[in-house]
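Chain identifiers are assigned alphabetically (A, B, ...) following the order of the sequence lines, protein sequences preceding nucleic acid strands; residue numbering begins at 1 within each chain. Small disclaimer: the values here were computed from a predicted structure and weren't measured.
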2 protein chains.
Amino acid sequence: MDSRESAEMYLETIYILSQKSDAVRKIDVSRYMGYAKPSVTRAIGLLEKRGLVNVDDSGILKLSKEGEQQAKRIYERHTVLTKMFMNLGVDEETATEDACRIEHYISETTFDAIKKHMAKYE
Amino acid sequence: MDSRESAEMYLETIYILSQKSDAVRKIDVSRYMGYAKPSVTRAIGLLEKRGLVNVDDSGILKLSKEGEQQAKRIYERHTVLTKMFMNLGVDEETATEDACRIEHYISETTFDAIKKHMAKYE
DNA sequence: TCCTTTAGTTAGCAAATGCTAACTTTAAAA
DNA sequence: TTTTAAAGTTAGCATTTGCTAACTAAAGGA
């Protein structure tokens, strides 16, 4: 996996888990992503260094303002791409999987075009 | 870059260069991709081991049957995705760049759906 | 014939990610 | 209070890809 993709996946995961629970810890990320704990420890450490995530004394993860922006950006791509693929007749599971891989690699320009296009179908 | 993506890019490059010239060598791949020669030496060595590329005594690269199949598969994705993005109003350069990144990550199912969709516009 | 340019190779570095093993710490259970 | 289970951390391995440095080999020019 690409380095940027990896970071984005961690951010997105924290964002998604934060919507379901208000006390997200590393172990939750570990389980959700299916990665070993040390992988999560390091990855989140890097996100902290970059100022995208904060971990409080009790081990609760919070996205910073910028971290949340980035997470939302990816998550929006995720949902829009999934819809687009489903709109073309792809089943939900496959559409989600594809969106999840592609969301990291689409340029702003192309994503905007897709988003505008999809807006017609709402 | 992902390992599979890397291999696919080399195959696609050899395929593209083979359409312009019938004597493609490693140095050509090196220049086209902008990679140093040792990177190409190793990458093509791996493709040879996998039976996807053959290098004859004079250093000319040929895709094997399977190598060509894979290269064509990727190249088709490249062209179809580029068209789709341009169809949504994206400029050619951006469309090509995006297609080039995404072509490696789309499932067969989703690509088929896109392809069918694009067929309507021909 | 000798020299230079070009293609290709070998060896080894750096970066990044995921993993296991083993340890610490904390918190809950008995 | 003691024990046990769960969360995290540290250390270090493996894999993969691209790079540079330095070398070999072959082809062409002078």
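- The CD atom of Glu5(A) sits 13 Å away from the C1' atom of dG18(C) (whole-angstrom rounding).
- Between Tyr35(B) and dT20(D) there is no side-chain N or O to OP1 or OP2 distance below 4.0 Å.
- Gly34(A) comes within contact range of the sugar-phosphate backbone alone, with a heavy-atom separation under 4.0 Å but no base atom that close.
- In this structure, the side chains of Tyr105(A) and Thr110(A) stay at 4.5 Å or more apart for every pair of heavy atoms.
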When every nucleotide of nucleotides 4-13 of chain D is labelled 5' to 3' by its protein contacts under 4.0 Å (heavy atoms), B for base, S for sugar-phosphate only, - for none, what sequence of letters results?
---BBBBB--

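- Ile44(B) places its CD1 atom 14 Å from the P atom of dA7(C), with the value rounded to the nearest Å.
- Using a cutoff of 4.0 Å between basic side-chain nitrogens and carboxylate oxygens, Arg73(A) and Glu108(A) are scored as salt-bridged.
- Residues Asp22(B) and Ile60(B) have side chains not in contact (no heavy-atom distance under 4.5 Å, counting atoms from C-beta outward).
- Rounding to the nearest 0.5 angstrom, the gap separating the CG atom in Asp112(B) from the CG atom in Leu88(A) is 11.5 Å.
- Under the 6.0 Å distance and 45° angle rule, Arg77(A) counts as a cation-pi partner of Phe111(A).
- Nearest nucleotide to the side chain of Ser39(B), out of dT17(C), dC19(D), dC19(C): dC19(D).
- Scanning for ring pair (Phe, Tyr, Trp, His ring centres under 6.0 Å) contacts around Tyr15(B) gives Tyr75(B), with sequence neighbours left out.
- Here Tyr10(B) reaches the OP1 or OP2 of dG18(D): one of its side-chain N or O atoms lies under 4.0 Å away.
- Distance CE (Met33(B)) to P (dG18(D)): 7 Å, rounded to an integer number of Å.
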